[in-house]
Every structure is written in C-alpha cells, then in structure tokens.
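Any value given below was found using the heavy atoms of this structure, including those in side chains, with hydrogens, waters and symmetry copies removed.
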Amino acid sequence: MRRRDLYDAASGGGGPRLLPWTSPEGKPCYLSTDGQGYLSTLADSIETVQLSMGQELLEYAREATAPGVPTLSATEYRWLARRLTEALADALRVADSRGQRLPDPGEEEVDEGA
C-alpha cells in the first residue's frame, strides 16, 4: 500500500485537507482533520470569503470593461489583471481542496452494494 492509502485507512478519512492558505515560502498547507474543529471552520470561512471576493472582483471587471465605459489607464488594467489572477488562484485552490474531499464514485458503488 502507498503511504497515503495507509493514512486513509488509519484515519478513517479521505486524507489531509488542503488549506486555503500557503506557508510563508508559498508551499501548500494541509490539515489532518475529520472536518470538525476550529481550523476546519476557519478554513471554510476563508474559502467563503475568497470566493465572495472573487465574485465581487469579477462583477467589477465586467462593469469596467463593458462597452461604452470610459477606458481604464494601463496601471488600472494591470491592477485589475493582478487581482483577477489572485482570485483565480484562490478559486482553483478551493476547487482542488473540495475536490480532494469528494468521495470516490467507485467506492460509493461498492459501499452501496454491501
């Protein structure tokens, strides 16, 4: 068995959770959890804030680039591009984290048949 398989079997869970923040060096952070507790709740809250901020930024970008709206300066477009890049990175990280926590469809079929 692989190390991850051994961990999953021992913990009874789907493995460590990818957190919505990174270390100071930019490396991913993980939490060994059952989905309860302070850090899990904090991570859920931060994910919600990140997705909400991304949605607000997308609305701003749509308004700022709509036909007939005054053109932004190069500096303003650069700022918008940076913020959109950050929001996309956050959204992809949240999607990856949540995707890792989804049960494997093949395992559900086996469990249902038992």
Worksheet item: Cluster partners of Leu102, using ILVMFWY side-chain heavy atoms under 4.5 angstrom, listed by chain and number?
Response: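 ILVMFWY cluster around Leu102 holds nothing else.
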Worksheet item: In the hydrophobic cluster built from side-chain contacts under 4.5 Å, what are the other members alongside Leu92?
Response: Leu88
Discussion item. Membership question, hydrophobic clusters at under 4.5 Å side-chain separation (ILVMFWY): are Leu39 and Ile46 in the same one?
Written reply: yes
Worksheet item: Can you tell me if Arg101 and Ser97 form a side-chain donor-acceptor pair at under 3.5 Å?
Response: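 Their side chains do contain a donor-acceptor pair, which is all the 3.5 Å distance test asks for.
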Residues in side-chain hydrogen bond (donor to acceptor under 3.5 Å, both in side chains) with [X], at least two apart?
| X | answer |
| --- | --- |
| Ser23 | Glu25 |
| Thr22 | none |
| Ser73 | Glu76 |
| Arg17 | Asp44, Glu47 |

Any side-chain heavy atom of [X] within less than 4.5 Å of one from [Y]?
| X | Y | value |
| --- | --- | --- |
| Leu31 | Ser40 | yes |
| Tyr30 | Leu19 | no |
| Pro28 | Arg93 | yes |

Quick one: pull up [atom1] in [X] and [atom2] in [Y] and give me the separation to the nearest 0.5 Å.
| X | Y | atom1 | atom2 | result |
| --- | --- | --- | --- | --- |
| Gln50 | Ser45 | CD | OG | 11.0 Å |
| Leu84 | Trp79 | CG | CH2 | 8.0 Å |
| Leu51 | Met53 | CG | CE | 11.0 Å |

Worksheet entry | Minimum heavy-atom distance between Gly54 and Ala87, given as atom pair plus value |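 Scanning both residues completely, I find the closest heavy atoms to be CA-CB, 3.9 Å.
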Worksheet item: Who are the side chain to side chain contact (heavy atoms under 4.5 Å, CB included) partners of Ala81, not counting sequence neighbours?
Response: none
Worksheet entry | Residues which pass salt bridge (charged side-chain N to carboxylate O under 4.0 Å, His left out) with Glu86, listed by chain and number, not counting sequence neighbours |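 Per chain and number, Glu86 pairs via salt bridge (charged side-chain N to carboxylate O under 4.0 Å, His left out) with Arg83.
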Identify all side-chain donor-acceptor contacts of residues 57-72 below 3.5 Å with residues at least two apart in sequence or on another chain.
unit_1: Thr65; atom_1: OG1; unit_2: Ala61; atom_2: O; d: 2.7

